[in-house]
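Following: one structure in structure tokens, then a few remarks.
Chain identifiers are assigned alphabetically (A, B, ...) following the order of the sequence lines, protein sequences preceding nucleic acid strands; residue numbering begins at 1 within each chain. Since we're looking at a predicted model, the values are computed, not measured.
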2 protein chains.
Amino acid sequence: MTIDTNRRPSKRERTLAALVEHGLDLFERQGYDQTTVAQIARAAGVTEMTFFRYFPAKEHLLLDDPYDPQLTAAVAAQPRDLPPFLRAARGIRAAWRALPEPETPSIRRRVRIAAGTPSLRGAMWRNTGNTERAIVEQLVADGASPDEARVAAASVLAALVAGLFLWAEQERTTLADAIERALDVIEVGA
Amino acid sequence: MTIDTNRRPSKRERTLAALVEHGLDLFERQGYDQTTVAQIARAAGVTEMTFFRYFPAKEHLLLDDPYDPQLTAAVAAQPRDLPPFLRAARGIRAAWRALPEPETPSIRRRVRIAAGTPSLRGAMWRNTGNTERAIVEQLVADGASPDEARVAAASVLAALVAGLFLWAEQERTTLADAIERALDVIEVGA
DNA sequence: GCGCAAAATGTGAGTCACTAACATTATCGC
DNA sequence: GCGATAATGTTAGTGACTCACATTTTGCGC
């Protein structure tokens, strides 16, 4: 069930790590738009082509949006008699509250770059696609209409992303706090 | 104050109209991603270069997001004692309710293309930038904190866009109705 | 260690969005 | 008609991304 941390990482794992490492580094030092895929590849010791074998597009080095089963579970755990919008909001709240602390530095690095790059703000939104689909499915499974579910998921995720951006910009706050405050803004009725 | 509809449109106006006309036409017939800027330009009788003198990017032929002063006014007209999220939601509701009927066919055409093109869903979001800024400014001017204002504006606009997509997909509903229903989903508390 | 299938990577050529410097043509007021 | 200026064209380039095909590496059974 656990990952074997002793074995030497495979070549695939090593190049992936190298690409991410040098990519984030270059983005931070010269900006996302000023960094070329060829540069990242060269820094990682591979070809431009290889980069695209690991990421479908440049922006995916930064934004991955892995499907998170815990999120679905958290949404499902909300009381059924709540309107879908609130089920989504509270589910996201619970899921992020449970996020292990050690993961936040990596997230911060990524979000900070995305927040400071106009061309990425839209990409960030587009990349919530997996999460959005998962939330919609769960809401529908719990009895919401598809239309209602889509609006609720989109709106709540937009608040989440906005909260992430704010958190990345201001140094002092905790990730969990920022998310909570963002969700407080949109959960006005209760 | 009104536009002189009798005078022959200037060359600039004519090429602009031709680009939009043939662009939308090609997008509808072969899909956005399958349509090349060169194709649009050729259909409109100009060069690729000319296209980019009219639009900063391909997607701008579809999504323009002009700043709408009526929207700001509608947000400003909401009672100050309401939380920012509700002021934004109700402001948008009022502004779109007042939208003149004749404009909707053009919007529908555009939104339908955007809704059916994954690569444009993010672009649509990015292009609400002007509107978002305007709403944030108005909310802040009315006493909201900048953080709160940004989250509220982002979340409400996401609901609006989601509503637009739903409207574009289903034939029978009115634009105004679709927007109202979308906003109903997120205005749960009152 | 050895060999070999599969995985990982490289090469080269091409498409498309978009940019910039400079030359050319069309338009419109006079 | 004439001239300033707006509109357009030309050429050349960059960078993200794709594809077909060739080559190297890796890891595993023996």
Take the protein atom [atom1] of [X] and the nucleotide atom [atom2] of [N], then report the distance between them rounded to whole Å.
X	N	atom1	atom2	result
R12(B)	dT5(D)	CZ	P	17 Å
Q34(A)	dT14(D)	CD	C1'	14 Å
L19(B)	dA17(C)	CG	P	14 Å
L61(A)	dG15(D)	CG	C1'	16 Å
E13(B)	dA6(D)	CD	C1'	13 Å

Establish, from distance only, whether the side-chain atoms of [X] and [Y] form a donor-acceptor pair under 3.5 Å.
X	Y	value
Y67(A)	T131(A)	no
R110(B)	S106(B)	yes
D33(A)	S119(A)	yes
Q78(B)	D142(B)	no

Distance check: side-chain N/O of [X] vs OP1/OP2 of [N], anything under 4.0 Å?
X	N	answer
T15(B)	dA7(D)	no
T50(A)	dA8(C)	no
Y54(A)	dT9(C)	yes
T36(B)	dA17(C)	yes

### Query
Rounded to the nearest 0.5 Å, what separation is found between the CG atom of D68(B) and the CD1 atom of I92(B)?
10.5 Å
### Task
Both distances under 3.5 Å, Watson-Crick or G-U wobble: on that basis, could you give the dot-bracket string for DNA chain D, with [ ] for crossing pairs and | for other-strand partners?
||||||||||||||||||||||||||||||
### Message
Any side-chain to backbone donor/acceptor pair from T15(B) onto R12(B)? Under 3.5 Å, distance only.
### Response
yes
### Query
Base, backbone or nothing for each nucleotide of nucleotides 18-25 of chain C, written B, S, -, heavy atoms under 4.0 angstrom, 5' to 3'?
BBB-----
### Query
Taking for each residue the nucleotide of DNA chain C bearing the nearest heavy atom, is the 5' side occupied by T35(B) or by K11(B)?
T35(B)
### Message
The criterion is side-chain hydrogen bond (donor to acceptor under 3.5 Å, both in side chains); which residues satisfy it with R108(B), sequence neighbours excluded?
### Response
none
#### Entry: Parallel, tilted or perpendicular: rings of F85(A) and F85(B) (30°, 60°)
parallel
### Query
Hey, are R14(A) and E21(A) close enough for a salt bridge, meaning a charged N less than 4.0 Å from a carboxylate O?
no
